[in-house]
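For reference, the structure discussed in these notes is given below.
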Amino acid sequence: MVDEELHFKTVLRRKNAATTSNQDPIPELQLNELFASDSGDDNMNDESDGYSSATNSSFDEDEMSNGTDAMETFEITSGGYYDIGDPVIECQYCGANMWYSERKNKCRHASNPKFSMCCGSGKVQLPLLKPAPKVLQHLLFDNESCESKNFQQQIRMYNVMFVFTSPGAKVDNRFNNGRCPSNFRIQGQSCHRIGSMLPMPGQNPRFAQLYVYDTENEIENRMHGFRSKSGVDVNIVRKLSEMLYEHNVHAQSFRMARDRLCEEGVSDLKLRLISERRNDGRIYNQPTVSEVAALIVGDVDTAEKRDIIVQKQCGELQRPNVRHRDKGTNIRHFTDITQSEQNNKDIPWEEATKRNRLTIREWLAFRIQSRSNEAQTLLRSRRLYQQFLVDGFTMMESERLRWLRKNQSKLRVGKYHNLNEYNSNGETHGSNTGKRVVLPSSYVGSRRYMDQLYFDRMAICSYVGFPDLFITFTCNPNWPEIQRLLGSVHLKASDRPDIISRVFKMKFDELLSDLTKKSLLGKVLAYMYTIEFQKRGLPHAHILIFLHPSNKYPTPSDIDRIILAEIPDQDTNEELYNLVKTHMIHGPCGFANRSSLCMKDGKCSKYFPKQFQPETIVDQDGFPVYRRRDNGHTVLKNGIQVDNWNVVPYNAKLLTNYQAHINIEWYNQSTSIKYLFKYINKGYDRITAAIVPNDDGTSNQPYVSPSEASWRIFSFPIHGRKPVVEILYFHCEGQNSVYYIDFDRINTVLEKPSVTESMFTSWFEANCKYPEAQNLTYSKFVSKFVYVKKKREWKPRQKGYTIGRLIWVPPTTGELYYLRLMLTHVKGPRSYNDTKTVNNVKYDTFRDACFAMGFIGDDRESIAAIKEANHWGSGQYLRLLFVHMLLSGSINRPRHVWSKTCHLLADGILYAQQRIANNRGIIFPIL
């Protein structure tokens with residue numbers, strides 16, 4: 001720690017002595033005061049623009065690796081920044097302003113490009129929003145008056161004053177601390193509840209009740225619900241109330257109920273909020289009160305299933321259906337207040353593709369587009385727009401889960417052999433057999449989905465070798481394209497998360513093209529990536545690159561060609577110098593800034609600052625230690641002079657072309673490949689948090705930020721890989737899975753021609769049909785053939801390359817496990833009997849065949865199981881597997897098994913101890 005302090009003082013003296021410096025040095029007295037302070041200066045991490053701090057590596061908890069190489073070859077930076085231009089092209093169907101790079105067919109240059117992200121190429125038709133009332137226009141669009149600035153800053157508070165329903169979600173405000181822009185993040189499920197028209201005796205009116213109860217003191221009642229009224233302008237509240245009663249049909253509906261309640265003789269009054277609209281919204285004007293609400297006296301007998309019935313007075317809350325058209329009005333008072341219709345002649349719709357129903361995702365994707373002939377009320381709502389995106393996405397996911405819950409419950413799966421037995425025993429109904437189908441692995445973001453991705457990537461690794469480069473690409477909200485677009489309307493990047501996601505998507509696609517198609521860092525055999533979102537909302541990508549053997553970088557001098565970890569010379573390369581200063585400097589942290597977010601227990605969790613290193617080396621563990629020469633180059637970051645100790649590894653070409661945080665790491669660690677894949681496939685950010693006070697236990701649920709919400713609304717992929725991996729299923733004879741619906745008669749299910757067919761049995765038939773299949777194992781078969789699911793047959797592959805992956809089964813599955821062992825070696829079998837045949841001898845079981853092949857015996861199966869599990873399982877899993885073997889008595893010589901697998905069973909222990917001690921210098925004796 002003392003060496004670090006002396007190092008910073010040395011950097012300071014060098015800077016004071018330098019005559020070519022363009023920065024004013026920090027006085028040594030002030031630096032000493034920073035060392036003496038435990039808390040540090042709270043303003044040292046603040047950036048002038050309020051958002052650039054998110055691009056600084058010290059604020060990214062998800063990535064931050066070691067540093068890279070110095071700049072020696074100037075030609076590597078030639079090429080310039082890749083600018084995608086401005087969204088000046090209008091969609092020919094809906095008029096949305098689009099970037100040219102967002103066109104459907106990106107492989108071709110088109111003079112009249114078509115787009116599907118906005119309206120599905122004309123399939124989605126919705127009314128356009130008309131201009132908001134003058135009061136709201138003044139508050140949203142005027143950037144000069146104090147009244148409008150107050151409204152824009154407190155827009156969510158003003159909105160909450162007028163919502164009809166109470167929002168239910170865990171809002172995460174941990175990172176809204178002034179160091180970065182405001183970011184609306186929620187955890188768990190978002191819901192909205194509505195109560196009765198009148199409050200219970202002794203209770204204050206809330207939400208929709210404020211439109212009905214004690215309206216003479218409505219303004220005071222609305223402000224009474226807030227503990228802190230600082231910053232709230234009562235005149236603005238009054239203007240908003242008057243505006244809503246004049247223009248919002250929902251407010252008018254509750255006023256109608258209030259007027260009726262004031263009449264004498266009304267005892268049992270209910271307000272029905274109608275879920276469906278009968279008229280075409282593309283043709284007719286904005287809905288009237290009678291179309292969205294109705295008063296009911298007495299019992300309800302004509303209400304639709306999704307209608308909301310508001311009682312006169314009760315203590316219960318009801319939750320509106322997610323598909324109710326008014327469910328989102330709690331966050332759309334100021335943004336969608338005049339949701340009026342436009343005649344469809346204004347837009348060249350294609351009548352041939354007209355649809356009657358839209359998904360929530362399609363509605364949201366259409367609504368958040370910018371159009372020259374549509375009001376910008378929603379898009380200019382700042383923090384309220386963030387809430388709109390997050391709430392809309394949670395509604396979208398809730399609807400998907402609701403569909404799965406209602407439809408998957410009808411689907412059952414059973415074994416063909418078992419169904420035959422049930423049928424023979426007189427069981428006729430399918431609802432009494434098989435088992436339910438749970439959340440499928442195709443559900444994006446689920447645990448099973450992430451596990452399948454992990455296994456697929458391990459399969460790629462087993463075919464093409466270990467990855468060579470690990471790249472982290474983080475969005476830069478200060479990109480010129482974003483600033484040009486939003487600066488003209490006085491918005492910050494954080495006010496438009498959808499623009500951040502769209503620009504990052506286009507930049508990422510171009511980066512991936514540079515790496516894979518243009519071979520910027522060498523010829524690429526395979527790649528994989530995952531898109532994640534920082535806790536402060538910015539998207540970033542983790543990319544793994546598998547290079548061709550002729551383009552690898554095996555020596556330290558080769559590494560120096562592509563990876564730099566030094567500050568460039570400001571005199572000879574000022575552009576790169578400024579880019580490194582802006583994007584590739586970690587911290588400062590440590591003594592210079594103890595309050596940095598990367599500091600854990602007084603030390604940097606990313607192991608910064610580094611030490612000077614005259615030459616790049618690869619240490620005994622296979623990790624690169626990049627060149628960081630003591631050349632006197634420094635930069636001023638957050639008021640502190642730093643040198644090469646704090647440089648994050650980068651590639652000069654990529655940094656110049658994309659001007660963002662792009663960390664590149666050389667990788668050559670076969671032993672830790674599992675943990676690297678686990679890291680990039682870890683899924684959403686999750687924490688364990690307490691549930692509501694009345695419940696016990698904890699909840700592990702994902703957070704959702706506005707950028708992620710917009711990314712998913714646009715249906716952008718969160719994972720990608722090449723080559724494609726196909727999962728190969730197999731089963732014992734008669735044990736193929738059969739899917740059927742509840743209450744299907746078993747004999748009807750068994751009479752279907754396809755019930756005995758499967759991908760695996762079709763493979764046997766293809767081996768009989770195609771001579772070239774005789775030399776291929778099951779996993780290699782997909783590289784030459786493709787499975788046609790509709791016809792349930794294999795056909796020769798015409799183009800492309802696919803990797804096959806056999807599903808993993810544990811040894812406890814018995815014959816299925818031994819069948820899998822045989823499938824890894826047997827080529828071209830035509831039946832199950834061929835699979836059991838070894839050296840022209842047919843064995844009765846797959847286990848006997850495995851013994852004849854030498855796969856099992858003398859505890860070989862136990863050792864093989866541990867070694868096979870090592871390809872995908874963590875060290876902790878391997879140790880648990882070994883303990884289960886010991887407890888079950890399935891191994892005969894435990895010491896022999898231990899001696900053969902101890903180096904695998906100890907995997908991860910050293911790393912865990914180094915993390916606990918925060919000391920990478922700990923070394924355990926070799927087992």
Side-chain angles (χ1 to χ4, degrees), residues 50 129-167 171 173 176 178 181-182 184 192 204-255 258 286 328-340 375-391 489-492 494-496 706:
L129 301 180
K130 285 187 176 181
K134 293 183 178 180
V135 173
L136 188 56
Q137 289 191 42
H138 166 70
L139 294 175
L140 273 181
F141 304 139
D142 187 356
N143 298 285
E144 301 298 333
S145 67
C146 297
E147 191 177 50
S148 61
K149 291 181 179 179
N150 175 274
F151 176 77
Q152 294 167 13
Q153 185 177 3
Q154 306 288 340
I155 187 170
R156 285 192 60 222
M157 181 176 293
Y158 286 115
N159 184 76
V160 171
M161 287 186 180
F162 292 92
V163 295
F164 293 100
T165 62
S166 61
V171 181
N173 289 317
N176 292 328
S182 59
F184 183 83
H192 306 278
N204 294 322
R206 302 179 63 190
F207 304 109
Q209 296 168 350
L210 293 168
Y211 290 92
V212 179
Y213 178 80
D214 191 18
T215 54
E216 295 180 357
N217 302 306
E218 179 180 345
I219 304 302
E220 290 75 10
N221 291 336
R222 292 191 182 280
M223 299 187 64
H224 179 72
F226 291 85
R227 298 178 181 176
S228 176
K229 303 178 181 63
S230 60
V232 178
D233 191 335
V234 65
N235 292 325
I236 295 179
V237 178
R238 184 174 292 105
K239 291 180 180 179
L240 292 174
S241 179
E242 295 173 356
M243 178 190 67
L244 287 172
Y245 281 124
E246 181 180 355
H247 297 281
N248 189 279
V249 293
H250 307 294
Q252 295 168 3
S253 301
F254 278 88
R255 171 179 279 185
R258 179 203 63 182
Q286 66 181 49
T329 56
N330 66 307
I331 62 170
R332 292 205 300 270
H333 282 314
F334 305 147
T335 58
D336 205 5
I337 194 172
T338 57
Q339 184 180 348
S340 54
Q376 301 291 306
T377 314
L378 175 64
L379 304 181
R380 300 277 288 274
S381 301
R382 295 172 172 82
R383 292 191 66 189
L384 193 58
Y385 181 55
Q386 293 184 4
Q387 184 176 347
F388 175 86
L389 291 173
V390 172
D391 193 64
V489 292
H490 305 284
L491 293 177
K492 298 179 181 178
S494 59
D495 297 330
R496 291 293 302 274

Exercise. Please confirm whether the backbone N or O of Arg380 pairs with a side-chain atom of Gln152, one donor and one acceptor, at under 3.5 Å?
Key: no
Exercise. Please answer whether the main-chain N or O of Leu378 pairs with a side-chain N or O of Ser381 as donor and acceptor at a distance below 3.5 Å.
Key: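 A pair under 3.5 Å: yes.
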Indicate yes or no: at least one non-hydrogen side-chain atom of [X] is less than 4.5 angstrom from one of [Y].
| X | Y | answer |
| --- | --- | --- |
| Glu147 | His138 | yes |
| Asp233 | Gln154 | no |
| Phe151 | Leu140 | yes |
| Leu379 | Phe388 | no |
| Val232 | Met161 | yes |

Hey, could you give me the [atom1]/[atom2] distance between [X] and [Y], rounded to the nearest 0.5 Å?
| X | Y | atom1 | atom2 | result |
| --- | --- | --- | --- | --- |
| Ile236 | Tyr158 | CD1 | OH | 3.5 Å |
| Arg382 | Ile155 | CZ | CD1 | 7.5 Å |
| Leu384 | Thr377 | CG | OG1 | 11.5 Å |
| Met243 | Phe162 | CE | CZ | 8.0 Å |
| His247 | Leu136 | NE2 | CG | 9.5 Å |
| Ser494 | Gln386 | OG | CD | 6.0 Å |

Quiz item: Taking only residues two or more places apart in sequence or in another chain, which ones pass side chain to side chain donor-acceptor pair (under 3.5 Å) with Glu242?
Solution: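 By the side chain to side chain donor-acceptor pair (under 3.5 Å) rule, Glu242 matches no residue at all.
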Quiz item: What residues, two or more places apart in sequence or in another chain, satisfy salt bridge (Lys or Arg N to Asp or Glu O under 4.0 Å) together with Glu246?
Solution: none
Quiz item: Which atoms form the tightest heavy-atom contact between Leu389 and Pro706, and what is the distance?
Solution: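 Nearest heavy atoms, Leu389 then Pro706: CD1-O, 4.2 Å.
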